Visitor: 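Pasting a structure here, questions to come.
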There are 2 protein chains.
Amino acid sequence: MVTEHITADADIAPVAALIADPARAAMLTALLDGRALAAGELARVAGVSPPTASAHLARLLDGGMVAVVAQGRHRYYRLAGPEVAEVLEVLARVGPRPRVRSLRQSRQARLLGEARTCYDHLAGRAGVELLGALLAAGYLVGQEAFEVTERGERGLAGLGVDVGAVRDTRRGFAPGCLDWTERRFHLGGALGAAVTCALMDRGWYRRGVARRVVEVTEKGRKGIAAIYACKELTSHALVTEMR
Amino acid sequence: MVTEHITADADIAPVAALIADPARAAMLTALLDGRALAAGELARVAGVSPPTASAHLARLLDGGMVAVVAQGRHRYYRLAGPEVAEVLEVLARVGPRPRVRSLRQSRQARLLGEARTCYDHLAGRAGVELLGALLAAGYLVGQEAFEVTERGERGLAGLGVDVGAVRDTRRGFAPGCLDWTERRFHLGGALGAAVTCALMDRGWYRRGVARRVVEVTEKGRKGIAAIYACKELTSHALVTEMR
DNA sequence: CGGACGCTTCGATACAGGACGAAAGGTGTC
DNA sequence: GACACCTTTCGTCCTGTATCGAAGCGTCCG
């Protein structure tokens, strides 16, 4: 008798197969910082010819792992969503023991722990701290998923984040995203991406030399401290102070 | 100029390749409830011949995805660790939209949300609640990883858990394990497995008909309530009450 | 001790899919 | 409008590997 298992599990093999190829894996990890890269660039990072890369990207697209936007004669590919990034992160933790070899790599690892992008939002120690500041200031409320207070809406507007526009996207608004170095939540979702983007524009954070590494600038440190400290300040006062 | 990227990321492609084969994926998901299955059983659930299954299992073993223990003429395979289970869980969430079709599947999904095993420890609403009870009773302390108090050591002993023996294992002692239905922590690691095992033996929980589904018995409900309520009771009193 | 059973190794086969060169389809630039 | 550029499609080769039958090596049982 053949036992037909009743299982709600999705077919994971096809998804894994998409990541199983070295070239595709290289492309996906290259996209892990959330930016969109052109097909040619992806061919280069994967170490394959343009035709080969095109075939791979077609499969990734068909499998729902990446999305594409055509712009002139370029076609920019990006990860399809946060779940995809999460899979890549988790996969990196299993398998080969992450023994650090060179001093240089060790430094890289430390920097990644300090601050990095997780798909498209800030993660690492800096990400956890940013969330802590926004909570302390009363901009956000919640435990594992967050909501913006009225005060937070004004405050974030002062930082260049249009909360109303963010709310319109279909993506999860402001879920907590568990940090694998800090073991604590940082701000993810549409709001996390928007805040990260705005603060990058403001020069609080700066992309580092290596992929996904982010530096906290002096301005950023002061900004975070200000949010933390001035819990009772009006958001207007905070903004003017930060000029 | 060829740019050599400095990347601390592990090679995810080989790991993904192990999961990419349908037969291997079937075996791994069959092991997801934490039990160890014999090679023959795994061959059956994967729908392949014993030789083929043996080859697959050898590759999984070499790749560090499963562990094996020989017992008589059987060889029992189990997942190598919680990280492996986590990868499978996350992979199942990406890709095909988990649209529930039949009423039956919907019921399954609901049951899985109620209580299930996550690799080898209790998860779902029941898992979160169990951890809450242990924390409320002062048996455990901690935020994302937990330590057993002196009082907890006595209390857990009364429930059939030998904390000293658990501590000797090389596995992480009592890390929090993030629940993907509840978005909150439940108790994982060696202690999580030991507690789950002990409470199953005591009849607080019972494995359901479908894989990974767990039922909370009446006895279990009362037990949890007792732990919650009797914060100031001595563990001895708790144990006698629970007889 | 012989036989049944469980699992693995070996050898052979067949198929999927990853690689590239050549050429075609669009899009910007001079 | 001719050309350069990015990207894709097509055709073809070739490696990697999933598959099974037969045989070999243990273990349990009568």
Side-chain angles (χ1 to χ4, degrees), chain A residues 1-3 11-31 35-78 95, chain B residues 1-3 11-31 35-80 95:
Chain A
M1 179 184 117
V2 178
T3 312
D11 245 0
I12 61 175
V15 185
L18 289 175
I19 316 176
D21 183 83
R24 284 196 294 265
M27 292 175 176
L28 290 172
T29 51
L31 294 173
R35 286 182 301 184
L37 272 68
E41 299 180 79
L42 288 170
R44 214 157 26 76
V45 303
V48 294
S49 69
T52 304
S54 182
H56 284 308
L57 288 169
R59 289 196 58 180
L60 289 175
L61 193 61
D62 184 61
M65 303 282 289
V66 302
V68 66
V69 47
Q71 208 168 86
R73 49 185 171 183
H74 297 270
R75 297 192 64 181
Y76 290 97
Y77 288 88
R78 59 174 176 79
Chain B
M1 179 183 115
V2 178
T3 311
D11 247 0
I12 61 174
V15 185
L18 289 175
I19 315 176
D21 183 82
R24 285 195 295 265
M27 293 177 176
L28 290 172
T29 50
L31 293 172
R35 285 182 302 182
L37 272 68
E41 300 181 81
L42 289 170
R44 216 157 26 77
V45 303
V48 294
S49 71
T52 303
S54 184
H56 284 308
L57 289 169
R59 289 195 58 181
L60 289 174
L61 193 62
D62 184 64
M65 302 282 288
V66 300
V68 67
V69 48
Q71 208 168 88
R73 51 185 169 183
H74 297 271
R75 297 193 63 179
Y76 291 98
Y77 289 88
R78 59 174 177 80
L79 293 190

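Protein chains get the first letters and strands the later ones, always in sequence-line order, with residue 1 at the start of each. Given the structure is predicted, the values throughout are model-derived calculations rather than measurements.
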Visitor: Of all residues at least two apart in sequence or in a different chain, which pass the side chain to side chain contact (heavy atoms under 4.5 Å, CB included) check with Ala26(A)?
Guide: Ala46(A)
Visitor: Please name all residues satisfying side chain to side chain contact (heavy atoms under 4.5 Å, CB included) with Ala39(B), sequence neighbours left out, ordered by chain then number.
Guide: Leu57(B), Tyr77(B)
Visitor: Within the 4.0 Å limit for protein heavy atoms, which parts of nucleotides 21-30 of chain D are touched? Write it as a string from 5' to 3', B for base, S for sugar-phosphate only, - for none.
Guide: BB----BB--
Visitor: Under the side chain to side chain donor-acceptor pair (under 3.5 Å) rule, what pairs show up with a residue in residues 54-72 of chain A, not counting sequence neighbours?
Guide: Arg24(A)-His56(A)
Visitor: What I'd like to find out is whether the side chain of Thr29(A) reaches to under 4.5 Å of the side chain of Val45(A), using heavy atoms alone.
Guide: no
Visitor: Of all the heavy-atom pairs spanning Gly63(A) and Leu18(A), show the shortest one and how long it is.
Guide: CA-CD1, 3.8 Å
Visitor: Report yes if the side chains of Met65(B) and Ile19(B) come closer than 4.5 Å at any heavy-atom pair, otherwise no.
Guide: yes
Visitor: Ala38(A): which residues meet the side chain to side chain contact (heavy atoms under 4.5 Å, CB included) condition with it, sequence neighbours left out?
Guide: Glu41(A), His74(A), Tyr76(A)
Visitor: Please examine the side chains of Leu37(A) and Met27(A), heavy atoms only from C-beta on, and report whether any two atoms are closer than 4.5 Å.
Guide: no
Visitor: Specify the separation, in whole Å, of atom OH of Tyr76(A) and atom P of dT27(C).
Guide: 15 Å
Visitor: Base, sugar-phosphate or nothing for Ala38(A)? Non-hydrogen atoms, less than 4.0 Å.
Guide: sugar-phosphate
Visitor: Please list, for nucleotides 15-18 of chain C, all pairs of protein and nucleotide N/O atoms separated by less than 3.5 Å.
Guide:
unit_1  : atom_1 : unit_2   : atom_2 : d
dG18(C) : OP2    : Arg24(A) : NH1    : 3.2
dG18(C) : OP2    : Arg59(A) : NH1    : 2.7

Visitor: Could you check how far CG of Leu60(B) sits from P of dT17(D), rounded to whole Å?
Guide: 14 Å
Visitor: Output the rounded distance in Å from CG (Leu61(B)) to P (dT9(C)).
Guide: 10 Å
Visitor: Rounded to whole Å, please give me the gap between CD in Glu41(B) and P in dC5(C).
Guide: 17 Å
Visitor: Nearest-Å distance, CG (Asp62(B)) to C1' (dT9(C))?
Guide: 16 Å
Visitor: Which is true for Tyr77(A) with a 4.0 Å heavy-atom rule: it touches a base, it touches only sugar-phosphate, or it touches nothing?
Guide: sugar-phosphate
Visitor: Is the distance from OP1 or OP2 of dT8(C) to the nearest side-chain N or O of Arg75(B) less than 4.0 Å?
Guide: yes
Visitor: Within this structure, what is the CG-to-P distance between Leu57(A) and dC6(D), rounded to whole angstrom?
Guide: 16 Å
